[in-house]
Amino acid sequence: MRTPFALTGISVVTGDALGTIHQDWTITVEDTGTIGYAGPAGGADLPTTALRIDGRGLFALPGLINAHAHLFADGTPLGSAATNPRLAKYATWLMRTPLGRRILFRRTRDHAAIQLHSGVTTLRTVGDVAYEVVAIREEIERGETVGPRILPSGPLMAITGGHGAPQIALIGDDPLTARANARQNIRRGAKAIKISATGGVSDAIEIGYAGRPEMPEDSMRAVCEEAHEAGVLVAAHAQSSEGTIAALRAGVDTIEHGSSMSAEIIELFLDNPASLRGFSALIPTLQACLPLVSLDPSVTGVDPVVRANAELVLEEMLAGVRAALENGITLGVGTDSSVSYVTHSNYWRELDLLQHVGGMEPAAVLHAATQGNAKILGLDTVTGSIAAGKVADLVVVDADPLESFRNLAAPRMVVARGERIVRPQITRIDEIDRLLDTL
Ligand SMILES: [Zn+2]
(Lines give C-alpha, C1' and ligand atoms only; values in the text may rest on other atoms or scores of the structure.)
Protein backbone atom coordinates (compact mmCIF):
# COMPACT_ATOMS: atom_id res chain seq x y z
CA MET A 1 0.00 0.00 0.00
CA ARG A 2 1.22 3.51 -0.77
CA THR A 3 1.58 6.12 1.97
CA PRO A 4 -1.00 8.89 1.63
CA PHE A 5 0.58 12.33 1.54
CA ALA A 6 -0.19 15.99 1.07
CA LEU A 7 1.82 18.59 -0.80
CA THR A 8 1.09 21.99 0.70
CA GLY A 9 1.81 25.57 -0.34
CA ILE A 10 2.86 24.46 -3.81
CA SER A 11 2.48 26.28 -7.15
CA VAL A 12 0.54 24.09 -9.56
CA VAL A 13 1.23 24.34 -13.29
CA THR A 14 -2.02 22.91 -14.62
CA GLY A 15 -0.89 22.05 -18.15
CA ASP A 16 -3.85 23.85 -19.70
CA ALA A 17 -3.36 25.67 -23.00
CA LEU A 18 -3.32 29.07 -21.27
CA GLY A 19 -0.41 28.25 -18.97
CA THR A 20 -2.44 28.69 -15.78
CA ILE A 21 -0.46 28.46 -12.55
CA HIS A 22 -2.23 28.33 -9.17
CA GLN A 23 -0.28 29.63 -6.17
CA ASP A 24 -0.39 28.09 -2.71
CA TRP A 25 -2.37 25.00 -3.54
CA THR A 26 -2.72 21.75 -1.64
CA ILE A 27 -2.63 18.36 -3.37
CA THR A 28 -3.57 15.26 -1.38
CA VAL A 29 -2.75 11.78 -2.62
CA GLU A 30 -4.64 8.81 -1.22
CA ASP A 31 -3.31 5.33 -0.55
CA THR A 32 -5.15 4.15 -3.67
CA GLY A 33 -2.76 6.31 -5.71
CA THR A 34 -5.42 8.81 -6.75
CA ILE A 35 -5.60 12.54 -6.07
CA GLY A 36 -8.08 13.23 -3.24
CA TYR A 37 -7.97 16.99 -3.44
CA ALA A 38 -6.25 19.57 -5.58
CA GLY A 39 -7.14 23.17 -4.82
CA PRO A 40 -6.52 26.25 -2.71
CA ALA A 41 -4.97 25.75 0.72
CA GLY A 42 -7.58 25.22 3.40
CA GLY A 43 -10.07 23.64 1.02
CA ALA A 44 -9.44 20.12 2.29
CA ASP A 45 -9.14 18.53 5.73
CA LEU A 46 -5.82 16.74 5.66
CA PRO A 47 -6.06 13.28 7.20
CA THR A 48 -3.93 13.25 10.37
CA THR A 49 -2.20 10.10 9.14
CA ALA A 50 -1.02 11.71 5.93
CA LEU A 51 2.58 12.72 5.44
CA ARG A 52 2.85 16.45 4.88
CA ILE A 53 5.36 17.76 2.40
CA ASP A 54 6.11 21.47 2.41
CA GLY A 55 5.86 22.55 -1.22
CA ARG A 56 6.56 26.25 -0.71
CA GLY A 57 8.79 27.55 -3.48
CA LEU A 58 8.22 24.42 -5.58
CA PHE A 59 6.17 23.78 -8.71
CA ALA A 60 4.04 20.70 -9.42
CA LEU A 61 2.92 19.76 -12.91
CA PRO A 62 1.13 16.75 -14.39
CA GLY A 63 3.38 13.75 -15.07
CA LEU A 64 4.91 14.02 -18.53
CA ILE A 65 3.77 11.68 -21.30
CA ASN A 66 6.13 10.41 -23.98
CA ALA A 67 3.99 9.36 -26.93
CA HIS A 68 6.92 8.17 -29.06
CA ALA A 69 9.63 6.20 -27.29
CA HIS A 70 11.83 3.21 -27.90
CA LEU A 71 13.62 1.57 -24.99
CA PHE A 72 16.08 -0.80 -26.69
CA ALA A 73 19.07 1.58 -26.88
CA ASP A 74 20.40 4.52 -24.89
CA GLY A 75 20.80 7.27 -27.50
CA THR A 76 24.46 6.63 -28.28
CA PRO A 77 24.79 7.22 -32.05
CA LEU A 78 23.64 4.10 -33.89
CA GLY A 79 26.29 4.47 -36.58
CA SER A 80 26.54 1.76 -39.18
CA ALA A 81 24.63 -0.83 -37.12
CA ALA A 82 21.48 0.45 -38.82
CA THR A 83 22.76 0.81 -42.39
CA ASN A 84 25.35 -1.97 -42.75
CA PRO A 85 23.34 -5.11 -43.59
CA ARG A 86 25.91 -7.51 -42.10
CA LEU A 87 26.15 -5.59 -38.82
CA ALA A 88 22.36 -5.26 -38.69
CA LYS A 89 21.96 -9.00 -39.22
CA TYR A 90 24.48 -9.74 -36.49
CA ALA A 91 22.77 -7.36 -34.03
CA THR A 92 19.41 -8.96 -34.83
CA TRP A 93 20.78 -12.45 -34.24
CA LEU A 94 22.49 -11.39 -30.98
CA MET A 95 19.31 -9.83 -29.55
CA ARG A 96 17.51 -13.14 -30.05
CA THR A 97 19.99 -15.38 -28.21
CA PRO A 98 19.13 -16.17 -24.55
CA LEU A 99 22.03 -14.01 -23.32
CA GLY A 100 21.14 -11.19 -25.72
CA ARG A 101 17.53 -11.31 -24.53
CA ARG A 102 18.59 -11.07 -20.88
CA ILE A 103 20.84 -8.09 -21.59
CA LEU A 104 18.12 -6.43 -23.64
CA PHE A 105 15.55 -6.96 -20.89
CA ARG A 106 17.80 -5.41 -18.23
CA ARG A 107 18.74 -2.45 -20.41
CA THR A 108 15.13 -1.86 -21.36
CA ARG A 109 14.07 -1.86 -17.71
CA ASP A 110 16.85 0.61 -16.84
CA HIS A 111 15.78 2.88 -19.67
CA ALA A 112 12.14 2.87 -18.49
CA ALA A 113 13.41 3.83 -15.02
CA ILE A 114 15.46 6.75 -16.41
CA GLN A 115 12.37 8.02 -18.24
CA LEU A 116 10.36 7.84 -15.01
CA HIS A 117 13.01 9.57 -12.92
CA SER A 118 13.12 12.30 -15.59
CA GLY A 119 9.41 12.96 -15.05
CA VAL A 120 7.84 10.71 -17.70
CA THR A 121 5.05 8.89 -15.88
CA THR A 122 3.44 7.48 -19.04
CA LEU A 123 5.10 6.32 -22.23
CA ARG A 124 4.12 4.61 -25.44
CA THR A 125 6.71 2.57 -27.28
CA VAL A 126 6.53 2.49 -31.07
CA GLY A 127 8.89 -0.28 -32.11
CA ASP A 128 10.44 -2.83 -29.74
CA VAL A 129 12.81 -5.67 -30.54
CA ALA A 130 10.30 -8.30 -29.43
CA TYR A 131 7.98 -8.35 -26.40
CA GLU A 132 10.52 -7.20 -23.83
CA VAL A 133 8.60 -3.99 -23.11
CA VAL A 134 5.37 -5.98 -22.73
CA ALA A 135 7.16 -8.08 -20.06
CA ILE A 136 8.41 -4.97 -18.25
CA ARG A 137 4.96 -3.44 -18.34
CA GLU A 138 3.59 -6.58 -16.72
CA GLU A 139 6.28 -6.45 -14.02
CA ILE A 140 5.33 -2.83 -13.28
CA GLU A 141 1.59 -3.63 -13.27
CA ARG A 142 2.18 -6.49 -10.80
CA GLY A 143 3.92 -3.98 -8.51
CA GLU A 144 7.31 -5.73 -8.67
CA THR A 145 9.05 -2.71 -10.19
CA VAL A 146 8.22 0.98 -9.95
CA GLY A 147 7.98 2.27 -13.48
CA PRO A 148 5.97 4.48 -15.77
CA ARG A 149 2.58 3.46 -17.16
CA ILE A 150 3.58 1.84 -20.45
CA LEU A 151 1.69 1.24 -23.67
CA PRO A 152 4.06 -1.20 -25.41
CA SER A 153 3.96 -1.76 -29.14
CA GLY A 154 6.03 -4.90 -29.57
CA PRO A 155 7.81 -5.03 -32.95
CA LEU A 156 6.51 -2.59 -35.54
CA MET A 157 4.83 -3.52 -38.85
CA ALA A 158 7.04 -3.13 -41.93
CA ILE A 159 7.45 -4.45 -45.44
CA THR A 160 10.49 -6.46 -46.55
CA GLY A 161 13.49 -4.14 -46.48
CA GLY A 162 11.34 -1.42 -44.89
CA HIS A 163 12.13 1.00 -42.07
CA GLY A 164 12.95 -0.90 -38.89
CA ALA A 165 13.10 -4.29 -40.64
CA PRO A 166 14.24 -6.73 -39.55
CA GLN A 167 15.68 -5.51 -36.21
CA ILE A 168 12.50 -4.13 -34.64
CA ALA A 169 9.80 -5.21 -37.10
CA LEU A 170 7.47 -7.99 -38.16
CA ILE A 171 7.36 -8.16 -41.94
CA GLY A 172 4.10 -8.22 -43.87
CA ASP A 173 4.00 -7.58 -47.60
CA ASP A 174 0.28 -8.05 -48.13
CA PRO A 175 -2.86 -7.12 -46.17
CA LEU A 176 -3.44 -10.63 -44.79
CA THR A 177 0.06 -10.97 -43.37
CA ALA A 178 0.05 -7.40 -42.05
CA ARG A 179 -3.27 -8.09 -40.29
CA ALA A 180 -1.94 -11.36 -38.85
CA ASN A 181 1.12 -9.54 -37.52
CA ALA A 182 -1.05 -6.94 -35.79
CA ARG A 183 -3.18 -9.73 -34.32
CA GLN A 184 -0.08 -11.50 -33.03
CA ASN A 185 1.19 -8.35 -31.31
CA ILE A 186 -2.14 -7.72 -29.63
CA ARG A 187 -2.34 -11.35 -28.46
CA ARG A 188 1.15 -11.03 -27.02
CA GLY A 189 0.10 -7.99 -24.97
CA ALA A 190 0.83 -4.95 -27.15
CA LYS A 191 -1.23 -1.88 -26.22
CA ALA A 192 -0.13 0.12 -29.26
CA ILE A 193 0.56 -0.71 -32.89
CA LYS A 194 3.16 0.97 -35.07
CA ILE A 195 3.49 0.90 -38.86
CA SER A 196 6.36 2.10 -41.07
CA ALA A 197 4.45 3.99 -43.74
CA THR A 198 7.66 5.40 -45.23
CA GLY A 199 11.40 4.92 -45.09
CA GLY A 200 13.32 6.48 -42.23
CA VAL A 201 16.48 8.42 -41.52
CA SER A 202 18.46 5.95 -39.43
CA ASP A 203 18.54 3.18 -42.04
CA ALA A 204 18.37 5.26 -45.24
CA ILE A 205 20.72 4.00 -47.90
CA GLU A 206 20.47 6.92 -50.31
CA ILE A 207 19.42 10.57 -50.27
CA GLY A 208 15.64 10.94 -50.47
CA TYR A 209 15.09 7.45 -49.08
CA ALA A 210 13.61 8.60 -45.78
CA GLY A 211 10.16 9.65 -46.96
CA ARG A 212 9.71 7.00 -49.64
CA PRO A 213 6.31 5.30 -49.31
CA GLU A 214 6.61 1.76 -47.94
CA MET A 215 3.63 -0.15 -46.57
CA PRO A 216 0.75 0.14 -49.08
CA GLU A 217 -2.53 1.67 -48.00
CA ASP A 218 -4.53 -1.59 -48.14
CA SER A 219 -2.09 -3.32 -45.78
CA MET A 220 -2.17 -0.35 -43.39
CA ARG A 221 -5.98 -0.43 -43.49
CA ALA A 222 -5.95 -4.12 -42.51
CA VAL A 223 -3.65 -3.34 -39.57
CA CYS A 224 -5.87 -0.45 -38.44
CA GLU A 225 -9.04 -2.56 -38.63
CA GLU A 226 -7.45 -5.33 -36.56
CA ALA A 227 -6.07 -2.90 -33.95
CA HIS A 228 -9.21 -0.80 -33.71
CA GLU A 229 -11.33 -3.90 -33.15
CA ALA A 230 -9.22 -4.45 -30.03
CA GLY A 231 -9.50 -0.76 -29.06
CA VAL A 232 -5.80 -0.22 -29.79
CA LEU A 233 -4.49 2.95 -31.46
CA VAL A 234 -2.23 2.81 -34.51
CA ALA A 235 0.83 5.02 -35.02
CA ALA A 236 2.54 5.40 -38.38
CA HIS A 237 6.06 6.52 -39.08
CA ALA A 238 5.49 8.93 -42.01
CA GLN A 239 8.10 11.38 -43.28
CA SER A 240 6.53 12.59 -46.53
CA SER A 241 3.10 13.82 -47.56
CA GLU A 242 2.60 10.71 -49.76
CA GLY A 243 3.15 8.47 -46.75
CA THR A 244 1.08 10.66 -44.44
CA ILE A 245 -1.96 10.72 -46.70
CA ALA A 246 -1.94 6.95 -47.27
CA ALA A 247 -1.64 6.35 -43.51
CA LEU A 248 -4.46 8.76 -42.68
CA ARG A 249 -6.77 7.26 -45.31
CA ALA A 250 -6.02 3.82 -43.91
CA GLY A 251 -7.21 4.99 -40.47
CA VAL A 252 -3.95 5.61 -38.61
CA ASP A 253 -4.53 7.50 -35.34
CA THR A 254 -1.17 9.22 -34.92
CA ILE A 255 1.29 10.34 -37.57
CA GLU A 256 4.83 10.13 -36.22
CA HIS A 257 7.40 12.76 -37.32
CA GLY A 258 5.10 14.18 -40.03
CA SER A 259 5.32 16.14 -43.25
CA SER A 260 4.01 19.19 -45.04
CA MET A 261 0.23 19.10 -45.42
CA SER A 262 -2.18 19.40 -48.33
CA ALA A 263 -5.79 20.45 -47.77
CA GLU A 264 -6.79 16.76 -47.84
CA ILE A 265 -4.23 15.87 -45.17
CA ILE A 266 -5.44 18.70 -42.92
CA GLU A 267 -9.06 17.60 -43.37
CA LEU A 268 -8.21 13.97 -42.57
CA PHE A 269 -6.33 14.92 -39.39
CA LEU A 270 -9.32 16.93 -38.16
CA ASP A 271 -11.98 14.44 -39.20
CA ASN A 272 -10.78 10.92 -39.90
CA PRO A 273 -13.71 8.51 -40.13
CA ALA A 274 -11.42 5.45 -40.34
CA SER A 275 -9.51 6.32 -37.15
CA LEU A 276 -10.49 4.88 -33.76
CA ARG A 277 -11.86 8.12 -32.32
CA GLY A 278 -12.69 10.25 -35.31
CA PHE A 279 -9.49 12.31 -35.47
CA SER A 280 -5.78 11.78 -35.98
CA ALA A 281 -2.93 13.57 -34.23
CA LEU A 282 0.58 14.60 -35.14
CA ILE A 283 3.57 13.59 -32.99
CA PRO A 284 6.66 15.42 -34.29
CA THR A 285 9.99 14.28 -32.84
CA LEU A 286 12.40 17.14 -33.46
CA GLN A 287 15.16 15.56 -31.36
CA ALA A 288 15.38 12.67 -33.80
CA CYS A 289 16.65 14.94 -36.60
CA LEU A 290 17.93 18.22 -35.26
CA PRO A 291 21.21 16.96 -33.71
CA LEU A 292 22.02 14.98 -36.88
CA VAL A 293 21.53 18.15 -38.94
CA SER A 294 22.97 20.80 -36.62
CA LEU A 295 25.94 19.16 -34.90
CA ASP A 296 29.29 19.42 -36.65
CA PRO A 297 29.64 16.24 -38.78
CA SER A 298 33.39 16.23 -38.19
CA VAL A 299 32.62 15.76 -34.47
CA THR A 300 29.70 13.36 -34.79
CA GLY A 301 31.01 11.35 -37.73
CA VAL A 302 27.41 11.03 -38.92
CA ASP A 303 27.02 9.31 -42.28
CA PRO A 304 26.51 11.97 -45.03
CA VAL A 305 23.48 10.10 -46.43
CA VAL A 306 21.86 9.91 -42.99
CA ARG A 307 22.57 13.62 -42.49
CA ALA A 308 21.12 14.62 -45.86
CA ASN A 309 17.97 12.62 -45.16
CA ALA A 310 17.69 14.14 -41.68
CA GLU A 311 17.84 17.59 -43.27
CA LEU A 312 14.98 16.79 -45.68
CA VAL A 313 12.92 15.17 -42.95
CA LEU A 314 13.46 18.04 -40.49
CA GLU A 315 12.20 20.51 -43.08
CA GLU A 316 9.08 18.37 -43.68
CA MET A 317 8.54 17.87 -39.96
CA LEU A 318 8.71 21.62 -39.22
CA ALA A 319 6.28 22.29 -42.08
CA GLY A 320 3.97 19.74 -40.45
CA VAL A 321 4.18 21.46 -37.06
CA ARG A 322 3.38 24.84 -38.65
CA ALA A 323 0.39 23.40 -40.53
CA ALA A 324 -0.86 21.68 -37.36
CA LEU A 325 -0.68 24.93 -35.38
CA GLU A 326 -2.38 26.95 -38.11
CA ASN A 327 -5.22 24.47 -38.55
CA GLY A 328 -5.96 23.37 -35.00
CA ILE A 329 -4.68 19.81 -35.54
CA THR A 330 -4.09 17.92 -32.28
CA LEU A 331 -0.38 17.87 -31.59
CA GLY A 332 1.41 15.56 -29.17
CA VAL A 333 4.94 15.13 -27.89
CA GLY A 334 7.38 12.25 -28.29
CA THR A 335 11.14 12.03 -28.16
CA ASP A 336 12.10 9.00 -30.28
CA SER A 337 14.40 7.97 -27.42
CA SER A 338 16.96 5.28 -28.36
CA VAL A 339 17.79 6.75 -31.77
CA SER A 340 21.09 8.64 -32.18
CA TYR A 341 21.45 11.51 -29.67
CA VAL A 342 18.07 10.93 -28.03
CA THR A 343 18.72 9.70 -24.49
CA HIS A 344 16.10 8.68 -21.94
CA SER A 345 16.89 11.61 -19.65
CA ASN A 346 16.18 14.35 -22.19
CA TYR A 347 12.42 14.66 -22.53
CA TRP A 348 12.75 18.35 -21.60
CA ARG A 349 14.88 18.98 -24.70
CA GLU A 350 11.98 18.05 -26.99
CA LEU A 351 9.85 20.69 -25.24
CA ASP A 352 12.66 23.20 -25.60
CA LEU A 353 12.94 22.46 -29.34
CA LEU A 354 9.18 22.67 -29.90
CA GLN A 355 9.32 26.13 -28.35
CA HIS A 356 12.48 27.51 -29.94
CA VAL A 357 12.55 25.71 -33.28
CA GLY A 358 8.88 24.73 -33.68
CA GLY A 359 7.72 28.23 -32.76
CA MET A 360 5.19 27.10 -30.16
CA GLU A 361 4.24 29.01 -27.02
CA PRO A 362 5.61 27.35 -23.84
CA ALA A 363 2.07 26.86 -22.49
CA ALA A 364 1.02 25.11 -25.71
CA VAL A 365 4.08 22.87 -25.55
CA LEU A 366 3.47 21.80 -21.95
CA HIS A 367 -0.22 21.32 -22.72
CA ALA A 368 0.69 18.97 -25.58
CA ALA A 369 3.09 17.06 -23.32
CA THR A 370 0.47 16.49 -20.61
CA GLN A 371 -3.25 16.97 -21.26
CA GLY A 372 -2.82 16.80 -25.04
CA ASN A 373 -0.90 13.54 -25.05
CA ALA A 374 -3.35 12.05 -22.52
CA LYS A 375 -6.23 12.85 -24.87
CA ILE A 376 -4.37 11.47 -27.90
CA LEU A 377 -3.61 8.19 -26.13
CA GLY A 378 -7.14 7.90 -24.73
CA LEU A 379 -5.92 8.30 -21.14
CA ASP A 380 -7.42 11.69 -20.33
CA THR A 381 -9.83 10.33 -17.73
CA VAL A 382 -6.84 8.81 -15.92
CA THR A 383 -3.81 11.09 -16.21
CA GLY A 384 -2.46 14.28 -17.81
CA SER A 385 -3.88 16.78 -15.31
CA ILE A 386 -3.93 17.46 -11.57
CA ALA A 387 -7.49 17.08 -10.31
CA ALA A 388 -9.41 15.12 -7.66
CA GLY A 389 -10.14 11.61 -8.91
CA LYS A 390 -7.28 11.51 -11.39
CA VAL A 391 -4.39 9.14 -10.80
CA ALA A 392 -1.54 10.91 -8.97
CA ASP A 393 1.07 11.31 -11.72
CA LEU A 394 3.10 14.40 -10.85
CA VAL A 395 6.45 16.04 -11.33
CA VAL A 396 7.78 18.46 -8.70
CA VAL A 397 10.52 20.89 -9.72
CA ASP A 398 12.38 23.83 -8.19
CA ALA A 399 11.45 26.48 -10.75
CA ASP A 400 8.67 27.36 -13.19
CA PRO A 401 8.96 25.06 -16.24
CA LEU A 402 7.13 27.62 -18.40
CA GLU A 403 10.03 30.05 -17.81
CA SER A 404 12.48 27.49 -19.15
CA PHE A 405 11.96 23.82 -19.93
CA ARG A 406 15.47 23.19 -18.64
CA ASN A 407 13.87 23.54 -15.20
CA LEU A 408 12.46 20.04 -15.83
CA ALA A 409 15.90 18.49 -16.31
CA ALA A 410 16.34 17.41 -12.68
CA PRO A 411 13.00 16.96 -10.90
CA ARG A 412 12.92 17.24 -7.11
CA MET A 413 10.29 14.51 -6.91
CA VAL A 414 8.29 12.35 -9.29
CA VAL A 415 4.99 10.72 -8.32
CA ALA A 416 3.82 7.78 -10.43
CA ARG A 417 0.37 6.40 -9.64
CA GLY A 418 0.75 7.73 -6.09
CA GLU A 419 4.21 6.23 -5.55
CA ARG A 420 6.76 8.87 -4.55
CA ILE A 421 10.28 8.94 -5.96
CA VAL A 422 11.84 11.44 -3.63
CA ARG A 423 15.29 12.00 -5.08
CA PRO A 424 15.16 10.93 -8.70
CA GLN A 425 18.38 9.29 -9.89
CA ILE A 426 18.97 10.06 -13.53
CA THR A 427 21.71 8.30 -15.46
CA ARG A 428 22.85 10.77 -18.10
CA ILE A 429 25.26 10.46 -21.00
CA ASP A 430 27.39 13.54 -20.35
CA GLU A 431 29.12 13.45 -23.71
CA ILE A 432 25.79 13.65 -25.55
CA ASP A 433 24.44 16.33 -23.22
CA ARG A 434 27.53 18.46 -23.78
CA LEU A 435 27.03 18.23 -27.53
CA LEU A 436 23.29 18.97 -27.31
CA ASP A 437 23.96 21.97 -25.09
CA THR A 438 25.82 23.58 -28.00
CA LEU A 439 22.71 23.53 -30.24
ZN1 LIG B 1 10.75 6.13 -33.55
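All ligand and atom numbering here is 1-based and tracks the order in the structure. What's counted below: heavy atoms across the whole structure, side chains too, no hydrogens, waters or symmetry copies.
Shortest distance from the Zn ion (ligand 1) to His68 is reached at NE2 (N/O/S atoms only).
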Between Thr121 and Leu116, is a side chain to side chain contact (heavy atoms under 4.5 Å, CB included) present by the stated rule, with each step listed?
CA-CA 5 Å; Thr121 54; Leu116 177 65; 4.2 Å; yes

Yes or no on side chain to side chain contact (heavy atoms under 4.5 Å, CB included) for Leu170 and Met157, after CA distance, side-chain angles and deciding distance?
CA-CA 5 Å; Leu170 300 179; Met157 314 278 127; 4.3 Å; yes

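Checking His70 against the Zn ion (ligand 1), an N/O/S atom falls under the 2.8 Å cut-off. Within the 2.8 Å limit, Asp336 places at least one N, O or S atom next to the Zn ion (ligand 1).
Looking at Gln425 and His117, their side chains never bring a donor and an acceptor atom within 3.5 Å of each other.
With hydrogens and angles ignored, the 3.5 Å screen pairs a side-chain donor or acceptor of Asn327 with a backbone N or O of Ala323.
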